[in-house]
Amino acid sequence: LVGLVVVSHSNKLAEEVINFAKLLQQEEFKIENGGDINQKVYGATVDTIKDAIRRADEGQGVLVFVDMGSSIFNAAKAVEDIKEEVEIADAPLVEGIISAVAANFDEMSLSELKEIAEGSRNFKKIKK
């Protein structure tokens, strides 16, 4: 299955998003925090993101979710450095990860999962 990585300016926020996503997880795959959860600082470095990608990769690729700003820049650099099957989802953090967790099954490819996660941008919360 495709592994998932959450990169946020707040390591605690990333952990809570991961904890919530795991409640909805129906298959066994890794969801990793791209930050340094042992530090009390904000942000994630290229190295912590690369480490999380390596931990999450079980051979089917890794989909990375980011919040904003330097998280995006650092994740892009980490993906460039790793040169493995890794993609960054252009999706809202919470909705995107939930969509990916719900859709991540045996036959799902990285590109298909990315498309599903990115489709969460169109999720309407209020109908008028």
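Values reported hereafter were calculated over all heavy atoms of this structure, with side chains retained and with hydrogens, waters and symmetry mates removed. This chain uses plain numbering: 1 for the first residue, then up along the sequence.
Between V17 and V94, some side-chain heavy-atom pair lies under the 4.5 Å cut-off. Under the 4.5 Å side-chain criterion, counting only non-hydrogen atoms from C-beta, R121 is in contact with D90. For the pair V2 and V62, the minimum side-chain heavy-atom distance is 4.5 Å or more. Inter-residue side-chain proximity for I18 and K22 is flagged as met; some heavy-atom pair is nearer than 4.5 Å. Side-chain contact between L1 and D106 is present, with at least one heavy-atom pair separated by less than 4.5 Å. Counting heavy atoms from C-beta on, the side chains of Q60 and F29 never come closer than 4.5 Å. In this structure, the side chains of I88 and V66 come closer than 4.5 Å at one or more pairs of heavy atoms.
Taking each heavy atom of V7 and A44 in turn, the nearest pair found is CG1-CB, 3.9 Å. Closest non-hydrogen pair, K30 versus R55, comes out as CD-O, 2.9 Å. The minimum heavy-atom distance linking A103 with I116 is given by the pair CB-CD1, 3.7 Å. Counting all heavy atoms, side chain and backbone alike, A89 lies closest to A117 at CB-CB, 4.3 Å.
Salt-bridge check for D81 with K77: passed, with a basic side-chain N closer than 4.0 Å to an acidic carboxylate O. Of the charged side-chain nitrogens involved, none lies within less than 4.0 Å of a carboxylate oxygen, so that R54 and D57 do not count as a salt-bridged pair. Comment: K125 engages E95 in a salt bridge, judged by a side-chain N to carboxylate O separation of less than 4.0 angstrom.
Atom CD in E87 sits 8.5 Å away from atom CD in E118 (nearest 0.5 Å). Here the CG-NZ distance, from N19 to K12, works out to 13.0 Å after rounding to the nearest 0.5 Å. Atom OG of S120 is separated from atom CD1 of I97 by 10.0 Å, given to the nearest 0.5 angstrom. Annotation: the span from E32 atom CD to E15 atom CD amounts to 9.0 Å, rounded to 0.5 Å.
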- Task: Determine, step by step, whether F20 and L23 satisfy the side-chain contact (heavy atoms from CB on, under 4.5 Å) criterion, reporting the C-alpha distance in whole Å, the side-chain angles of both residues, the deciding distance to 0.1 Å, and the verdict.
- Result: CA-CA 5 Å; F20 181 60; L23 292 174; 4.3 Å; yes

- Intermediate values then yes/no, side-chain contact (heavy atoms from CB on, under 4.5 Å), F65 and L4: CA-CA 8 Å; F65 293 86; L4 306 177; 4.0 Å; yes

- Begin with the C-alpha distance, continue with both residues' side-chain angles, and end with the deciding distance and a verdict on side-chain hydrogen bond (donor to acceptor under 3.5 Å, both in side chains) for S109 and S111. CA-CA 5 Å; S109 72; S111 61; 3.2 Å; yes

- Is there a side-chain contact (heavy atoms from CB on, under 4.5 Å) between V6 and L93 once you walk through the steps? CA-CA 8 Å; V6 178; L93 185 62; 3.8 Å; yes

- Could you go through the side-chain hydrogen bond (donor to acceptor under 3.5 Å, both in side chains) check for S70 and N74 one step at a time? CA-CA 6 Å; S70 63; N74 288 338; 4.5 Å; no

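A distance-only check finds no donor-acceptor pair linking the side chain of S8 to the backbone of N11 [under 3.5 Å]. The backbone N or O of G119 sits nowhere less than 3.5 Å from a side-chain atom of E115 that would complete a donor-acceptor pair. Checking side-chain atoms of D67 against main-chain N and O of H9 turns up a donor-acceptor pair under 3.5 Å.
Under a hydrophobic-cluster definition in which Ile, Leu, Val, Met, Phe, Trp and Tyr are linked whenever side-chain heavy atoms come within less than 4.5 Å, directly or via other members, V5 and L110 are assigned to different clusters. I31 and M108 fall within a single hydrophobic cluster, where Ile, Leu, Val, Met, Phe, Trp and Tyr are joined by side-chain heavy atoms under 4.5 Å apart, directly or via other members. Taken together through direct or relayed side-chain contacts under 4.5 Å among Ile, Leu, Val, Met, Phe, Trp and Tyr, F105 and L24 form parts of separate hydrophobic clusters. The hydrophobic clustering, which links ILVMFWY residues whose side-chain heavy atoms are closer than 4.5 Å, places L13 and V101 together.
Other residues, nucleotides and ligands place no more than 12 heavy atoms under 6.0 Å from the CZ atom of F123.
No side-chain N or O of E27 forms a donor-acceptor pair with one of N104 less than 3.5 Å apart.
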